[in-house]
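Atom set for the values below is all heavy atoms of this structure, side chains included, hydrogens, waters and symmetry mates excluded.
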Amino acid sequence: MNEEMESLHKNGTWVLTELPKGKRSLRCKWVYKKKDGIPGVEDPRCKARLVVKGFNQKEGIDFNEIFSPVVRHTSIRVLLAFVALFDLELEQLDVKTAFLHGELEEEIYMEQPEGFIVPDKEHLVCRLKKSLYGLKQAPRQWYKRFDSFMIGQGYYRSQFDDCIYFQKFPDGSFIYLLLYVDDMLIASRNKSLIRKLKTQLNNEFEMKELGAAKKILGMEIHRDRQAGKLFLSQQKYIERVLERFNMNVCKPVSTPLAAHFKLSSDLCPHTEEEVERMSHVPYASAVGSLMYAMVCTRPDLAYAASMVSRYMHNPGKDHWSAVKWIFRYLKGTSDIGLVFDRSKATPNDVVGYVDSDYAGDNDRRRSLSVHCCIIYD
């Protein structure tokens with residue numbers, strides 16, 4: 001908590017003042033979390049964060065626009081494919097107290113933090129000069145600040161993804177930076193370009209250097225540069241999900257969804273008793289966990305996840321059995337993931353696959369088609 005308050009004061013996050021007539025102050029609270037860290041880079045640690053109770057903000061008074069982009073998972077995979085293909089250096093950085101760097105455009109007041117009320121100034125409130133965690137506009141203000149900084153340093157923003165910044169040089173060298181809130185990936189063949197960018201970032205923000213990228217958004221990165229391979233998996237994430245839903249000791253199966261599952265809306269609950277029983281089942285949370293794995297590193301779950309996600313509004317007992325079957329599949333395949341292999345890349349080659357189940361939808365008799373393209377450049 002002392003470290004957090006030190007960062008807030010160092011950043012000039014607020015000034016103490018009288019609460020103006022007609023204005024109201026937002027409350028705040030302390031949030032505590034144990035962070036796992038990164039093996040070999042960062043030890044597990046306890047972290048305290050001061051958070052504004054932003055749910056009390058009023059639109060048009062305390063905030064206006066709040067949307068903030070983040071890098072797409074597709075973009076992360078494309079960058080990792082380039083890293084493997086061209087044998088690039090891949091570094092990871094983290095911005096300390098990222099949201100505190102955003103400049104506020106609205107006039108917002110907050111009560112003094114619990115445990116750190118200034119003696120003899122208990123009647124004063126904090127007028128926020130910088131954004132703070134919990135404010136609805138905090139992510140947007142941080143992104144605007146970071147975006148203006150990168151553009152000012154001569155970087156270009158990708159027209160396909162607002163969180164990709166790059167520079168290309170006459171000698172053919174290049175550098176890419178991907179931003180996901182406060183996590184960054186930097187890729188380049190030239191180490192001096194990476195060092196230069198790190199220096200620029202450190203001069204503007206308080207950064208934490210994590211060295212060679214090993215983990216991003218729950219995805220573990222393993223490289224064998226000599227063999228030209230990069231392996232991306234979510235083994236620890238999957239193990240945590242299985243433990244969360246009490247499926248960590250289940251019997252593994254070999255397919256994502258067995259042929260005997262004929263899912264349809266006819267299997268949804270039809271009585272109040274059935275609806276009440278299923279209301280205690282964490283169906284939506286389980287499907288959401290499966291979909292995150294699918295989006296990141298497990299395309300083999302795509303069909304199964306699409307089937308069970310159709311019944312999120314009113315799942316039945318058989319739908320839940322299908323979800324548990326997928327968990328059983330993950331139990332036996334938690335260590336598999338995506339492999340980017342430079343040795344198998346054929347220049348300028350495109351390979352496509354397509355398939356269809358021919359009216360496999362039991363509700364509407366529609367076909368489900370799927371395609372997959374592998375592009376080598």
Who are the side chain to side chain donor-acceptor pair (under 3.5 Å) partners of Gln112, not counting sequence neighbours? none

Ser265 and Tyr311: which non-hydrogen atoms are nearest, and at how many Å?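 Scanning both residues completely, I find the closest heavy atoms to be N-CE2, 3.6 Å.
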
Heavy atoms only: give me the nearest Pro269-Met278 pair and the separation to one decimal. CG-CG, 4.1 Å

Check the side chains of Tyr143 and Asp162 for a donor-acceptor pair under 3.5 angstrom, ignoring hydrogens and angles. no

Side chains of Asn190 and Ser173: is there a donor and an acceptor less than 3.5 Å apart? no

Could you work out, with side-chain contact (heavy atoms from CB on, under 4.5 Å) as the rule, every residue matching Asp182, not counting sequence neighbours?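 Asp94, Val95, Ala98.
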
In chain order, what residues pass the ring-ring contact (aromatic ring centres under 6.0 Å, His included) check against Tyr155, with sequence neighbours excluded?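 Residues passing ring-ring contact (aromatic ring centres under 6.0 Å, His included) with Tyr155: none at all.
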
Using the ring of Trp142 (Phe, Tyr or Trp, six-membered ring only), decide whether Arg145 places NZ or CZ under 6.0 Å from its centre and within 45 degrees of its axis.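 Ring-cation test returns no.
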
Anything under 3.5 Å between a donor and an acceptor, one on a side chain of residues 243-264, the other on a protein residue two or more places apart or in another chain? List them.
{"from": "Arg244", "atom 1": "NH2", "to": "Ser285", "atom 2": "OG", "distance (Å)": "2.5"}
{"from": "Ser264", "atom 1": "OG", "to": "Asp266", "atom 2": "N", "distance (Å)": "3.3"}

Side chain to side chain contact (heavy atoms under 4.5 Å, CB included) evaluation trace for Gln235 with Ile238: CA-CA 5 Å; Gln235 183 173 1; Ile238 291 172; 5.9 Å; no

Out of the candidates Phe160, Phe174, Tyr176, only one should pair with Phe166 under the ring pair (Phe, Tyr, Trp, His ring centres under 6.0 Å) rule; please name it.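 Among Phe160, Phe174, Tyr176, the one that satisfies the ring pair (Phe, Tyr, Trp, His ring centres under 6.0 Å) with Phe166 is Tyr176.
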
Matching residue for Asp87 among Arg189, Lys229, Arg223 - test: salt bridge (Lys or Arg N to Asp or Glu O under 4.0 Å): Arg223

Who else is in the cluster with Ile66 when I, L, V, M, F, W and Y are joined by side-chain contacts under 4.5 Å?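 The other cluster members (ILVMFWY side chains, heavy atoms under 4.5 Å, direct or chained) are Phe63.
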
For residues 48-59, please give each side-chain donor-acceptor pair under 3.5 Å, one per line with the distance, not counting sequence neighbours.
{"from": "Gln57", "atom 1": "OE1", "to": "Lys136", "atom 2": "N", "distance (Å)": "2.8"}
{"from": "Gln57", "atom 1": "NE2", "to": "Asp62", "atom 2": "O", "distance (Å)": "3.4"}
{"from": "Gln57", "atom 1": "NE2", "to": "Gln137", "atom 2": "OE1", "distance (Å)": "3.1"}

Output yes when a side-chain donor or acceptor of Arg140 lies under 3.5 Å from a complementary backbone atom of Ser68, and no otherwise. no

Less than 4.5 Å apart, side chain to side chain, heavy atoms only: is that true for Phe340 and Val83? no

